[in-house]
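What follows is a set of notes on a single structure, which appears directly below.
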2 protein chains.
Amino acid sequence: MAEQTTGARPTLEAVAARAGVSRATASRVVNGGAGVRAPLVDKVRQAVEELGYVPNLAARTLVTRRNGAVAVVIAEPEFRIFSDPFFQEQVRGISRELTSHDSQLVLLWVESPGDHDRIARYLGGGHVDGALAFSLHDEDELAAVLRRAKIPTVLGGRPTDGIGPDMPYVDCDNRGGAREAVRLLVDRGCRAVAHLAGPRDQTSAVDRADGWREALGDPDPALLGHGDFTAESGARAMAGLLDRRPDVDGVFAANDLMASGALRVLRERGLRVPEDVAVVGFDDVASIAERTDPPLTTVRQDIEGMGRLMVRLLMHLLHEHGSGAPAPDPLITPTTLVRRASA
Amino acid sequence: MAEQTTGARPTLEAVAARAGVSRATASRVVNGGAGVRAPLVDKVRQAVEELGYVPNLAARTLVTRRNGAVAVVIAEPEFRIFSDPFFQEQVRGISRELTSHDSQLVLLWVESPGDHDRIARYLGGGHVDGALAFSLHDEDELAAVLRRAKIPTVLGGRPTDGIGPDMPYVDCDNRGGAREAVRLLVDRGCRAVAHLAGPRDQTSAVDRADGWREALGDPDPALLGHGDFTAESGARAMAGLLDRRPDVDGVFAANDLMASGALRVLRERGLRVPEDVAVVGFDDVASIAERTDPPLTTVRQDIEGMGRLMVRLLMHLLHEHGSGAPAPDPLITPTTLVRRASA
DNA sequence: GCCCGCTCTGAGAGCGCTCTCTGAACTCGG
DNA sequence: CCGAGTTCAGAGAGCGCTCTCAGAGCGGGC
């Protein structure tokens with residue numbers, strides 16, 4: 001019956017009693033100690049130490065209405081997303097930035113559609129101050145969940161139109177980067193600049209294709225190949241392209257993986273890169289772009305930076321909450337062209 | 001100044017008022033509705049629906065002292081652990097089991113040593129009911145953090161002795177599996193059964209080596225090669241082994257990756273598998289064991305099952321909390337030998 | 001018809017914390 | 001030496017919920 005054995009954690013009350021002050025003063029010290037005289041601060045600190053006091057977050061959250069945690073919601077049913085270097089870097093950026101805001105990263109991931117309820121409850125229940133989610137699709141129920149939870153949310157990657165325009169997001173300048181890539185090819189003298197596009201249901205792919213179209217004015221539709229961001233699809237699209245337009249002398253691929261597939265096909269067909277055909281990729285994923293033959297000229301996006309930006313945007317949302325300030329504009333990070341040998 | 005725009009979420013009080021019942025009754029309904037007559041249940045349910053009521057978890061946690069969330073703590077400073085299929089499967093098991101216990105998985109990961117404080121605060125603050133962590137090492141400060149947080153914890157993989165014997169863990173029967181592997185080799189007539197061991201500071205590697213030693217009685221130390229769980233190290237260890245004991249005719253590798261390295265070296269040396277040298281691995285990671293040449297005979301462990309077990313053990317801990325029941329024994333899952341062509 | 005006992009509901013006391021508001025103590029100018 | 005101003009500590013009221021406890025209502029046994 002020894003009460004002491006059970007882990008009855010000390011409360012602020014106990015700390016205050018031991019330090020000989022009121023609960024209010026103890027609270028002040030625990031939360032920074034502003035406005036409390038030094039000797040009292042020391043006494044309270046010591047009591048905290050001796051008792052091994054740790055604030056009860058639930059109690060604190062109940063009154064402050066914030067809890068220093070942000071959810072990162074992964075919609076991908078496949079865990080494989082974790083092996084994606086893109087995702088890894090972005091999460092790293094998020095994690096670092098959150099740390100500097102003294103917030104905790106809580107990774108939630110939706111494995112099956114049935115998880116939506118649970119996630120919604122978690123999000124809506126006030127376990128976290130806000131949420132970050134990645135590239136939502138039209139049919140994605142997660143968007144609805146996030147919206148229903150009425151929780152401040154920032155998206156990574158421009159959502160499709162079906163999601164609605166009101167969700168703030170961070171994305172890189174896909175269109176501008178694409179334009180720059182195309183311009184490089186044009187400037188080096190390419191006459192027939194093709195594009196190997198990514199999946200039509202991903203805004204990043206669509207925006208890049210738009211950039212290509214913009215930079216070229218009104219390009220021959222035959223110069224457009226389609227793939228799905230895989231190397232294999234890039235190879236296939238490249239092969240089709242060469243059949244349709246053998247005169248192609250510049251290729252802008254929607255990502256590095258597709259570019260690597262294209263390079264392979266070009267090599268097989270005996271075409272020299274960049275002499276006969278110049279190639280530019282997108283993403284600048286080190287493990288790909290630096291290892292192709294020849295090394296890939298590509299459009300780099302600051303992935304970690306985008307992660308950090310997502311957090312900053314969210315923090316902004318959280319703090320503006322009181323004022324009636326309008327939702328901030330989507331944040332678009334610039335891209336830079338990384339010139340290697342392929343163009 | 002319109003108050004209504006801010007998301008002042010409805011409270012139980014509001015639900016009760018709308019349903020014309022007391023807060024207590026509303027609470028009962030929200031929590032299952034046991035002991036409330038049907039008409040009232042319906043009225044409350046409807047009020048919940050109309051108001052879009054979602055319970056405030058902080059308030060609930062404050063009084064119930066549980067919050068339906070379990071932390072999975074990743075010590076690995078490198079994010080790369082996420083690409084490890086072993087880890088992926090284990091987390092999948094954990095996730096599924098937690099779902100069936102109506103608990104939320106919160107993934108915390110320690111990127112830099114400085115994160116320990118933050119993690120400790122999070123864990124200690126009562127954000128989660130318990131924690132799961134993976135194979136801790138002696139020098140791992142995480143063990144200390146977990147212990148200081150006084151939070152029920154279950155480990156994946158037997159911890160090193162330095163961690164202390166009081167932390168419950170789930171592991172597969174490394175030793176038994178190893179014995180079985182060796183026995184298979186002996187039974188098929190191998191006279192000189194070698195072992196390619198993994199890193200000495202990982203208990204799984206140590207236990208497997210012990211199993212090899214046990215099954216063989218007192219094997220020639222020259223039959224023991226060392227590696228670090230990579231294919232490369234397996235190749236190196238195999239090469240050294242062949243130099244020391246050219247008569248080796250059976251090899252038990254500490255994991256599939258090392259076995260694949262060993263197979264490569266054997267092929268290079270013109271030795272046939274399994275005719276000249278039989279090889280057995282450990283883990284049965286599909287992406288490796290099924291694709292070696294010849295396909296690898298190996299010891300399978302039920303990784304997802306281990307994840308589930310970790311959760312069950314933790315739940316047990318949480319519920320036994322009141323009673324003075326002793327910590328349950330470590331849970332060891334059995335292994336099974338998967339016979340393919342290499343032995 | 002009365003009382004006992006059962007089921008169901010409501011009142012109210014916290015859970016541990018923050019934060020406002022009041023008042024005490026102290027400083028300093030006149 | 002007194003009053004105004006300033007700093008700092010404490011009292012107390014919640015935050016939204018759960019849960020105990022008591023009482024209301026009702027049926028059945030004698």
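Letters A, B, ... are given to chains in the order of the sequence lines, protein chains preceding strands, and every chain is numbered from 1. We use all heavy atoms of the structure for the numbers below, so side chains are in, but hydrogens, waters and symmetry mates are not.
Rounded to 10 degrees, the angle separating the terminal axes of the helix from C:dG1-D:dC30 to C:dG30-D:dC1 is 50°, with each axis obtained from five end pairs.
With sequence neighbours excluded, no residue forms a side-chain hydrogen bond (donor to acceptor under 3.5 Å, both in side chains) with B:Arg37. Residues forming a side-chain hydrogen bond (donor to acceptor under 3.5 Å, both in side chains) with A:Gln90 (at least two apart in sequence, or on another chain): none. Remark: A:Ile332 engages A:Tyr169, A:Asp171, A:Asp173 in a side-chain contact (heavy atoms from CB on, under 4.5 Å) (not counting sequence neighbours). A search for side-chain contact (heavy atoms from CB on, under 4.5 Å) contacts involving B:Val54 returns nothing, not counting sequence neighbours. For A:Thr25, the side-chain hydrogen bond (donor to acceptor under 3.5 Å, both in side chains) criterion is met by A:Ser22, not counting sequence neighbours.
Identified under the side chain to side chain donor-acceptor pair (under 3.5 Å) test for residues 55-65 of chain A, with sequence neighbours left out: A:Asn31-A:Arg60. For the salt bridge (Lys or Arg N to Asp or Glu O under 4.0 Å) condition, the pairs that include at least one residue of residues 10-34 of chain A, sequence neighbours left out, are A:Glu13-A:Arg23, A:Arg18-A:Glu50.
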(request) If a protein heavy atom is under 4.0 Å from the base, mark B; if only from the sugar-phosphate, S; if neither, -; do that for nucleotides 5-17 of chain D going 5' to 3'. (result) ---SBBBBB-BBB

